[in-house]
Amino acid sequence: MSALSDYPRDYPRIGEALYPLTREPTGDAWNLDELQGLLPEAAEPARAAVLVGLVPRADGTRVLLTRRTDALRQHGGQVSFPGGRIETTDSDAVAAAIRETGEEIGLAPAQIAPLGYLDPLATITGYRVLPVVATIDRDYVARPDPNEVADVFEVSLAYLMDPANLATHTLDYRGRARQVLEFRYPDQRIWGATASMLLNLRQRLEAIV
């Protein structure tokens, strides 16, 4: 088994781009402006966490992603990070992200080494999502829950960090134009909240250069 100390050698300063594990980000989501008029004004957002898993490979770091089953009521068929609602039994967002990853794709906590947080992200479904960036044991074997996950796959981090691969589309949503991000990836449609979180990672990496 490979050591979880394997740090992304092609992104050696990634830890500097993240909020430390000892300082969970507070405050509003970074993308609230683009969701103005789409969220209930008085509603308190539900708290959620996802795992942005980085897998060290010989050809470079890869990002672990899932495609949700088509039958799910929310986000059916969409590409996403493992994760979900933060429960009262979770000690923090990291615990929630690790628990959800285990439930969805069968990874054990010992195979996950958290590095830090990205900025909180708001979704039109009423969640405030906290992305937890972590390294994943390269020897992991995914065991997806067929009720939630249709596919588990990896995409090159270098591809996802290249601005040329990210497009912006304008959609009509509830009678108003909305900008939606989408990666030009040949095999899977990586868009919406997942693409926004990856953009946030790129922007934070660019800020430390």
Side-chain angles (χ1 to χ4, degrees), residues 2-35 45 47-66 79-83 86 92-98 100-101 107 111-123 127-138 140 153-168 179-185 190-209:
S2 65
L4 279 177
S5 60
D6 282 344
Y7 205 71
R9 291 188 296 273
D10 43 352
Y11 288 87
R13 299 180 62 193
I14 197 166
E16 299 176 41
L18 308 174
Y19 293 94
L21 295 172
T22 55
R23 184 166 62 89
E24 183 175 310
T26 59
D28 293 335
W30 68 272
N31 64 325
L32 271 183
D33 286 347
E34 65 188 56
L35 296 182
R47 298 173 64 237
V50 299
L51 191 84
V52 182
L54 307 179
V55 187
R57 299 294 185 193
D59 60 349
T61 301
R62 294 184 168 269
V63 178
L64 187 149
L65 292 163
T66 71
V79 169
S80 65
F81 294 112
I86 299 175
D92 55 19
V94 172
I98 291 174
E100 287 280 350
T101 301
L107 267 64
Q111 295 176 300
I112 302 168
L115 300 174
Y117 300 100
L118 294 174
D119 292 294
L121 180 94
T123 71
Y127 284 89
R128 178 185 182 275
V129 182
L130 195 54
V132 178
V133 181
T135 54
I136 302 295
D137 191 325
R138 66 163 68 94
Y140 81 90
F153 62 99
E154 298 176 8
V155 178
S156 164
L157 179 58
Y159 176 92
L160 296 169
M161 294 298 99
D162 186 344
N165 295 325
L166 185 61
T168 302
Q179 302 296 311
V180 177
L181 299 174
E182 181 176 353
F183 282 93
R184 300 185 178 94
Y185 194 66
I190 305 170
W191 69 290
T194 301
S196 292
M197 286 182 252
L198 290 164
L199 171 61
N200 182 230
L201 176 57
R202 170 161 63 83
Q203 291 174 332
R204 296 191 66 86
L205 283 168
E206 289 173 344
I208 65 170
V209 174

Does a side-chain heavy-atom distance below 4.5 Å link [X] with [Y]?
X      : Y      : value
Thr101 : Ile136 : no
Leu18  : Leu118 : yes
Leu201 : Leu160 : no
Phe81  : Glu100 : no

Quick check: closest heavy atoms across [X] and [Y], and the distance to 0.1 Å?
X      : Y      : result
Tyr11  : Ala158 : OH-CA, 3.3 Å
Ala49  : Ile86  : N-CG1, 3.9 Å
Pro163 : Glu206 : CG-OE2, 4.4 Å
Ala167 : Arg184 : CB-NH2, 3.6 Å
Gln111 : Leu107 : OE1-CA, 3.5 Å
Ile190 : Ala195 : O-CB, 3.9 Å

If only atom types and distance count, is the side chain of [X] paired as donor or acceptor with the main-chain N or O of [Y] below 3.5 Å?
X      : Y      : answer
Asp119 : Trp30  : no
Arg13  : Ile208 : yes
Arg128 : Gly27  : yes
Asn31  : Ala122 : yes
Asp10  : Thr61  : yes
Arg138 : Arg57  : no
Tyr7   : Gly15  : yes
Arg204 : Ala17  : yes
Thr135 : Leu54  : no

*Applying the side chain to side chain contact (heavy atoms under 4.5 Å, CB included) test to Pro82, which of Val50, Leu64, Val52, Ile98 qualifies?*
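Considering Val50, Leu64, Val52, Ile98, a side chain to side chain contact (heavy atoms under 4.5 Å, CB included) with Pro82 is found only for Leu64.
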*asked:* Walk me through whether Val132 and Tyr117 qualify under side chain to side chain contact (heavy atoms under 4.5 Å, CB included).
replied: CA-CA 5 Å; Val132 178; Tyr117 300 100; 3.9 Å; yes
Measuring from atom [atom1] of [X] to atom [atom2] of [Y], what distance do you get when rounded to the nearest 0.5 angstrom?
X      : Y      : atom1 : atom2 : answer
Leu121 : Leu32  : CG    : CG    : 9.0 Å
Tyr19  : Leu130 : OH    : CG    : 9.5 Å
Leu166 : Met161 : CG    : CE    : 9.0 Å

*Candidate pair Phe183 and Val155, rule side chain to side chain contact (heavy atoms under 4.5 Å, CB included), full reasoning*: CA-CA 11 Å; Phe183 282 93; Val155 178; over 6 Å; no
*Parallel, tilted or perpendicular: which describes the rings of Phe153 and Tyr185, with under 30° parallel and over 60° perpendicular?*
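Phe153 vs Tyr185 ring planes: parallel.
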